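On a predicted model such as this, the values are computed, not experimentally measured, just so you know.
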Amino acid sequence: MKIDRLIGILSILLQEEKTTAPELAERFEVSRRTINRDIEDLCKAGIPIRTAQGTGGGISIMDGYRMDRTILTSKDMQVILAGLRSLDSVSGNQYYSQLMEKIQTGSSKFISGRDSMLIDLSSWYKGSLAPKIEVIQGAIENRHLIEFKYYAPSGESNRRIEPYYLVFQWSNWYVWGWCLDRKDYRLFKLNRMDRVGETDKEFACRNVPMPDLSNEKIFPGGIKVKAFFTPDMKWRLVEEFGPHCFTEADDGRLLFSADYTDMENLVTWLMTFGAKAEVLEPVEARNIIRRNAEETLKIYGGLA
């Protein structure tokens with residue numbers, strides 16, 4: 001159908017900087033003359049399309065063109081605004097709020113219903129996150145290196161990286177970039193970064209691979225865990241691992257089974273339950289917790 005083809009051509013022109021009539025004709029399996037007529041129809045509809053002949057020529061939409069929001073449905077607009085509000089929750093400037101105002105101007109009748117989705121990406125750290133995100137965003141746009149002090153389990157270090165992506169995953173913010181010190185791509189958690197600054201040193205953009213954010217890559221497992229938990233801890237197990245991570249024993253206790261990635265994190269997690277958890281496996285975790293308890297008792301045991 002012609003209308004489907006017109007929408008398809010408009011979509012291509014909005015996404016690509018330039019195309020040609022032969023390319024469009026091949027893609028939609030019509031003649032070049034048909035494509036030329038379609039372009040004329042789009043121009044008559046008010047789409048500012050520019051054509052250029054000769055080497056380097058082609059078909060494109062004029063710079064600065066703003067798509068008529070009536071192309072979008074009310075539901076589309078609600079989803080767009082929900083996304084912008086989520087970004088505004090960690091913004092260090094007024095850009096996203098101003099963009100929302102532009103979209104909403106004169107749209108009160110078009111945007112029907114009330115908000116049904118509210119997303120806050122800042123968690124407890126908005127005060128420290130927003131400035132870091134703003135600096136990193138600016139460096140990505142300017143293709144400038146960033147430098148920062150990084151705190152990791154292996155120790156503290158000063159890093160310089162080529163930043164490429166800001167990532168929100170697992171309830172935390174990260175920056176993905178090429179680390180000049182490690183000569184490899186790394187994912188850095190923003191909450192572990194301090195004194196984040198954009199340098200004036202430019203870098204040439206690499207052919208950057210997307211970070212592998214799959215659970216299997218980041219949390220590979222390998223440590224088989226079995227532990228008993230008291231019944232009143234069921235809510236925490238469900239919240240953190242889902243309702244199928246345990247079975248109920250005859251005495252009412254919850255027998256928890258899962259794979260864990262890191263022994264240190266496992267022990268730390270188990271100890272947050274205090275006496276409400278008894279680890280069965282691995283034996284190493286059980287021994288570490290016993291030693292920690294003995295050392296803690298030495299500190300507090302003499303107090304009245």
Side-chain angles (χ1 to χ4, degrees), residues 1-88 91 93-113 115-117 119 137-144 162-168 176 202-211:
M1 295 178 62
K2 181 174 181 178
I3 185 64
D4 293 335
R5 191 172 64 250
L6 291 174
I7 293 173
I9 292 172
L10 178 58
S11 176
I12 291 171
L13 292 175
L14 287 170
Q15 296 178 56
E16 299 180 6
E17 183 176 345
K18 187 182 297 183
T19 187
T20 65
E23 290 172 347
L24 293 174
E26 181 178 357
R27 182 174 299 194
F28 293 101
E29 298 180 346
V30 296
S31 68
R32 180 173 176 178
R33 179 176 297 179
T34 298
I35 293 297
N36 290 334
R37 285 199 297 264
D38 289 340
I39 296 300
E40 290 178 5
D41 290 337
L42 288 172
C43 290
K44 291 176 182 177
I47 309 297
I49 295 178
R50 178 173 54 195
T51 60
Q53 303 296 325
T55 304
I59 304 169
S60 62
I61 291 183
M62 293 179 63
D63 294 339
Y65 170 65
R66 182 174 62 187
M67 186 172 63
D68 189 338
R69 59 171 168 260
T70 57
I71 294 177
L72 303 172
T73 66
S74 177
K75 184 177 180 180
D76 294 337
M77 294 290 285
Q78 291 284 10
V79 172
I80 291 171
L81 290 172
L84 289 174
R85 287 191 196 95
S86 69
L87 292 172
D88 194 51
S91 174
N93 52 46
Q94 300 297 312
Y95 175 76
Y96 296 109
S97 59
Q98 291 172 355
L99 183 54
M100 282 188 285
E101 290 179 5
K102 290 179 182 178
I103 292 177
Q104 289 176 307
T105 300
S107 302
S108 57
K109 294 181 180 179
F110 175 67
I111 304 177
S112 61
D115 296 335
S116 59
M117 184 180 297
I119 305 170
Q137 279 184 314
I140 292 174
E141 293 172 2
N142 298 329
R143 291 287 183 258
H144 284 173
E162 301 171 0
Y164 289 103
Y165 293 105
L166 275 164
V167 180
F168 182 78
W176 171 254
E202 296 185 11
F203 63 87
C205 189
R206 301 172 187 267
N207 186 16
V208 188
M210 295 294 289

A.B. asks: Residues in salt bridge (charged side-chain N to carboxylate O under 4.0 Å, His left out) with Arg27, at least two apart?
C.D. replies: Glu16
A.B. asks: side-chain hydrogen bond (donor to acceptor under 3.5 Å, both in side chains) with Arg206: which residues, sequence neighbours excluded?
C.D. replies: Glu162
A.B. asks: Closest approach of Tyr164 and Cys205, non-hydrogen atoms and distance?
C.D. replies: CE2-SG, 3.7 Å
A.B. asks: Could you tell me whether the side chain of Phe203 reaches within less than 4.5 Å of the side chain of Pro163, counting heavy atoms only?
C.D. replies: yes
A.B. asks: With heavy-atom distances below 4.5 Å as the criterion, would you say the side chains of Tyr165 and Val208 are in contact?
C.D. replies: yes
A.B. asks: Considering residues at least two apart in sequence or located in another chain, which fulfil the side-chain hydrogen bond (donor to acceptor under 3.5 Å, both in side chains) criterion with Asn36?
C.D. replies: none
A.B. asks: Checking side chain to side chain contact (heavy atoms under 4.5 Å, CB included) for the pair Trp176/Leu166: CA distance, chi angles, key distance, verdict?
C.D. replies: CA-CA 6 Å; Trp176 171 254; Leu166 275 164; over 6 Å; no
A.B. asks: Let's go through Ile9 and Ile35 carefully: what are the C-alpha distance in whole Å and the side-chain angles of both, what is the deciding distance for side chain to side chain contact (heavy atoms under 4.5 Å, CB included) to 0.1 Å, and is it a yes or a no?
C.D. replies: CA-CA 9 Å; Ile9 292 172; Ile35 293 297; 4.0 Å; yes
A.B. asks: Quick check for you: to the nearest 0.5 Å, what is the distance between Ile59 atom CD1 and Thr51 atom OG1?
C.D. replies: 7.0 Å
A.B. asks: Checking Ser31 now: which residues fulfil side-chain hydrogen bond (donor to acceptor under 3.5 Å, both in side chains) with it, not counting sequence neighbours?
C.D. replies: Thr34
A.B. asks: With a cut-off of 3.5 Å and sequence neighbours excluded, list every side-chain donor-acceptor pair involving residues 18-25.
C.D. replies:
from	atom 1	to	atom 2	distance (Å)
Lys18	NZ	Gly56	O	2.8
Thr19	OG1	Glu23	OE1	2.9
Thr20	OG1	Glu23	N	3.3
Thr20	OG1	Glu23	OE1	3.4
Glu23	OE1	Thr20	N	3.2

A.B. asks: Nearest 0.5 Å, please: how far is OG in Ser60 from CD1 in Ile49?
C.D. replies: 9.0 Å
A.B. asks: Within the 4.5 Å heavy-atom criterion, are Ile61 and Arg50 side-chain neighbours or not?
C.D. replies: no
A.B. asks: Would you compute the distance between atom CZ of Arg37 and atom CG of Leu42 and round it to the nearest 0.5 angstrom?
C.D. replies: 13.5 Å
A.B. asks: Going by heavy atoms in the side chains, are Phe28 and Ile12 under 4.5 Å from each other?
C.D. replies: yes
